[in-house]
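To keep things clear, I will list the structure first and then write my remarks on it.
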Amino acid sequence: MKLRVEELVAASGAELLVGDPLTLVEGFANDSRTAAVGSCFVALRSERDGHAFLRDACDHRVAAVLIDAAALPTVNIAAVDPRGSTAVLVVPDTLTAMGHIAAYARRSYLDGAVVVGITGSTGKTSTKDLVVGAVQNSRRVHANVASFNNEIGLPTTVLSASPDTEVLVLEMGARFAGNISDLCEIASPSIGVITNIGMAHAEHLGGPEGIAAVKGELFAALPKNGTAICGEGPFAQALAHRAKCDVLTVSETTWDSAEVFVEVLGIDAGLRPTIRIASPWGTATGVVALRGAHQAVNAAMAVCVAALGGCAFDDAVAGLADASAAQWRMELLTTATGYTIINDAYNANPTSMAAAIHALAAASTTGRRVAVLGAMRELGERSEPEHRRIGGLLQDAKIDAAICVGVEGQWIANSAAGLTTVLCVETAVEAQRILQEFAEPGDVVLIKASRAVGLEALAGAFGETLAVEVT
């Protein structure tokens, strides 16, 4: 999306310190290393102060820089941009200003697009990827990359959309009350999807009730002519009551309680489910490219979004097979030494951990099913009981062996004592060593924990032994 500097000034209330108001800006970046020629570099204050990298950004020939007024006394504009070719905009707060600019772009250039907001405790990124798959063959679609779903990622996604975008898909993450409302102020979604209510970020959001209240901010923000989509569960009715618009409920247990019913007909060798969806638009069967039976409801929600966005129902179901999964989410890798890795190490919470264990239990193997598990973070007082519950689930799912990492891993191990083999280690490095010694041809190995544990490095550590991803 191209915006004139004068538009940035009007949208953000910035002072144009240097530069031509008619200069065109295309794209926004908050990392000077990725700032493209002609873009706007936003100097954010986070772990590192972006104002320290203004010269680097200007060396990339950005068209404009957005800086905090508080930083102005320490910034030598002439030294930062000796060519004098970069517009310099000064605002009270760069993060707030970027949100205001994105909101302006949404209203001014994307007014005709169907804007979809997706939140939930788990499955946001997967559902976003499935929406793209269901829509992309029929509509011009734009979505956030990876899990760029916060107060930085969402406006960056809006501002990177082309004005001819027909469907804009935006993840919305939350760690505190009000986060979703703030993102909706920018995005103005007309379709809202809440995938589920679980325990992710329970420490900050106040348990399931608090999580439901925060996620429900999405439904409360939808217009009367919009549509809210949610799964079944104990909070479904309360969430639906937050919406002023029509609500579609997706169920995989009973047709009577929902407008859309989905069932898993089978799982192939690559852990991809074949599903049947019955909906107000018709009934169809299709293959879901993303792995695990737990993707069935996410896929059905994606099809609902596509149908509401003007796609033919059958085309949307067929498009599920074309979805691309994000990195470290149920990647299925086979090694030259004969065992398989399920790399689901992007993050972990009780809901996603349980889904991954069920996927491991469903995996076809001539050897053992092995789980390498670490901490699920940000659970607060629920941390120990939730980790112990996962240990019990390993037993119920008849997993053969577990390698558990850290203090939380010990809690898992204590409740999984009935497994044939349970090993505990303190670090991801030790887990890697144990796994390399322990795994045998025919084994299937699940790797999962919160990112802070660092288990995503395990799959990469097998560098020379990894063959192609299973197709």
Exercise. How far apart are the C-alpha atoms of T86 and D81, what are their side-chain angles, what is the distance that settles it, and do they pass the side chain to side chain donor-acceptor pair (under 3.5 Å) test?
Worked result: CA-CA 7 Å; T86 304; D81 182 27; 3.1 Å; yes

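- Under a 3.5 Å cut-off, the side chain of T195 and the backbone N or O of T122 do form a donor-acceptor pair.
- At least one side-chain heavy atom of I101 sits under 4.5 Å from a side-chain heavy atom of F28.
- Here K124 contributes atom NZ and I194 contributes atom CD1; the two are 11.5 Å apart, rounded to the nearest 0.5 Å.
- In this structure, the separation between CE on M376 and OG1 on T351 is 9.5 Å, given to the nearest 0.5 Å.
- Listed here is the closest heavy atom pair of N179 and E217: N-OE1, 3.9 Å.
- When the shell of 6.0 Å around CZ of R33 is examined, it contains 12 or fewer heavy atoms from other residues, nucleotides or ligands.
- Of all non-hydrogen atoms in A258 and S251, the two that sit nearest each other are CB-CB, 3.5 Å.
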Problem set entry | Evaluation steps, side chain to side chain donor-acceptor pair (under 3.5 Å), between H60 and S32 | CA-CA 8 Å; H60 282 76; S32 62; 5.9 Å; no

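- If you check the side chains of S162 and D164, you find a donor sitting under 3.5 Å from an acceptor.
- Of the possible polar contacts, none joining the K2 side chain to the G27 backbone as a donor-acceptor pair under 3.5 Å is found.
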Exercise. Run the side chain to side chain contact (heavy atoms under 4.5 Å, CB included) check on L8 and V25 step by step: do they pass?
Worked result: CA-CA 9 Å; L8 307 190; V25 170; 4.1 Å; yes

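- Minimum heavy-atom separation, G309 to V114: CA-CG2, 4.3 Å.
- For the 3.5 Å distance criterion, the side chains of E232 and T253 qualify, holding a donor opposite an acceptor.
- When atom types are taken as modelled, the side chain of E166 and the backbone of R140 share a donor-acceptor pair closer than 3.5 angstrom.
- Judged purely by atom type and a 3.5 angstrom limit, S108 has no side-chain atom pairing as donor or acceptor with the backbone of A105.
- A distance-only check finds a donor-acceptor pair linking the side chain of R291 to the backbone of G270 [under 3.5 Å].
- Two residues are said to be in side-chain contact when any heavy atoms from C-beta on lie closer than 4.5 Å; N349 and E386 fail this criterion.
- By the neighbour-count criterion of 12 heavy atoms within 6.0 Å, atom NZ of K244 is densely surrounded, having more than that number from other residues, nucleotides or ligands.
- Using a 4.5 Å cut-off on side-chain heavy atoms (C-beta onward), T227 and L248 make contact.
- Looking only at side-chain heavy atoms (C-beta outward), K448 and V372 stay at 4.5 Å or farther from each other.
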Problem set entry | Intermediate values then yes/no, side chain to side chain contact (heavy atoms under 4.5 Å, CB included), L154 and N149 | CA-CA 5 Å; L154 183 139; N149 59 22; over 6 Å; no

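- Residues satisfying the salt bridge (Lys or Arg N to Asp or Glu O under 4.0 Å) criterion with E252, sequence neighbours excluded, are absent altogether.
- Side-chain atoms of E171 and T125 include a donor-acceptor pair closer than 3.5 Å.
- Without hydrogens or angle criteria, S279 side chain to G282 main chain gives a donor-acceptor distance under 3.5 Å.
- Side-chain atoms of N137 and D315 include no donor-acceptor pair closer than 3.5 Å.
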Problem set entry | salt bridge (Lys or Arg N to Asp or Glu O under 4.0 Å) between D59 and R55, worked out | CA-CA 6 Å; D59 286 346; R55 177 61 184 268; 3.2 Å; yes

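- Both the sub-6.0 Å distance and the 45° axial angle are not jointly satisfied by R242 relative to the ring of F219.
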For this session: Tell me, with the steps shown, if V288 and R272 meet side chain to side chain contact (heavy atoms under 4.5 Å, CB included).
Result: CA-CA 6 Å; V288 181; R272 289 172 293 252; 5.9 Å; no

For this session: Take R175 and E378 through the test salt bridge (Lys or Arg N to Asp or Glu O under 4.0 Å) and record every step on the way to the result.
Result: CA-CA 10 Å; R175 297 184 74 244; E378 298 186 1; 2.9 Å; yes

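- Atom CD of E384 sits in a crowded spot, with more than 12 heavy atoms from other residues, nucleotides or ligands closer than 6.0 Å.
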For this session: Before giving the answer on side chain to side chain contact (heavy atoms under 4.5 Å, CB included), spell out for T165 and L110 the whole-Å C-alpha distance, their side-chain angles and the decisive distance to 0.1 Å.
Result: CA-CA 7 Å; T165 297; L110 297 167; 4.1 Å; yes

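- Within the 3.5 Å criterion, the main-chain N or O of H358 finds no donor-acceptor partner in the side chain of H294.
- Atom CD1 of I211 sits about 4.5 Å away from atom OG of S121, to the nearest 0.5 Å.
- Looking at R106, its side chain does come within 3.5 Å of a backbone N or O of S188 through a donor-acceptor pair.
- Taking CG of L170 as the start and CD1 of I191 as the end, the distance is 11.5 Å to the nearest 0.5 Å.
- Side-chain N or O atoms of D344 include one that pairs as donor or acceptor with a backbone N or O of M330 at under 3.5 Å.
- Within 6.0 Å of CD in E6 there are more than 12 heavy atoms belonging to other residues, nucleotides or ligands.
- The 12-atom threshold is exceeded at CD of E430, counting heavy atoms of other residues, nucleotides or ligands nearer than 6.0 Å.
- Put simply, the side chain of P280 does not reach to within 4.5 Å of the side chain of F313, judged on heavy atoms.
- The closest side-chain heavy-atom distance from S324 to L290 is not below 4.5 Å.
- Going from atom CD1 of I357 over to atom CG of L393 covers 4.5 Å, rounded to the nearest 0.5 Å.
- Using modelled atom types and a 3.5 Å distance limit, the side chains of H51 and T74 yield no donor-acceptor pair.
- S450 places a side-chain N or O within donor-acceptor distance of the main-chain N or O of A348, the cut-off being under 3.5 Å.
- Listed here is the closest heavy atom pair of A161 and M1: O-CB, 3.1 Å.
- Looking only at side-chain heavy atoms (C-beta outward), L320 and L130 come within less than 4.5 Å of each other.
- No side-chain N or O of S39 forms a donor-acceptor pair with one of R61 less than 3.5 Å apart.
- Ring pair Y109/Y104 is perpendicular by interplanar angle, where above 60° counts as perpendicular and below 30° as parallel.
- Considering CG of N343 and CG of L455, their distance stands at 9.0 Å, rounded to 0.5 Å.
- Shown here for N150 and P155, the closest heavy-atom pair between the two residues is O-CD, 3.8 Å.
- Between V453 and R377 there is a side-chain heavy-atom pair separated by less than 4.5 Å.
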For this session: Mind running side chain to side chain donor-acceptor pair (under 3.5 Å) on R329 and S147 for me, showing each step along the way?
Result: CA-CA 11 Å; R329 288 175 171 84; S147 294; 2.6 Å; yes

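- Of the charged side-chain nitrogens involved, at least one lies within less than 4.0 Å of a carboxylate oxygen, so that R45 and D68 count as a salt-bridged pair.
- Minimum heavy-atom separation, L218 to G192: CD2-CA, 3.9 Å.
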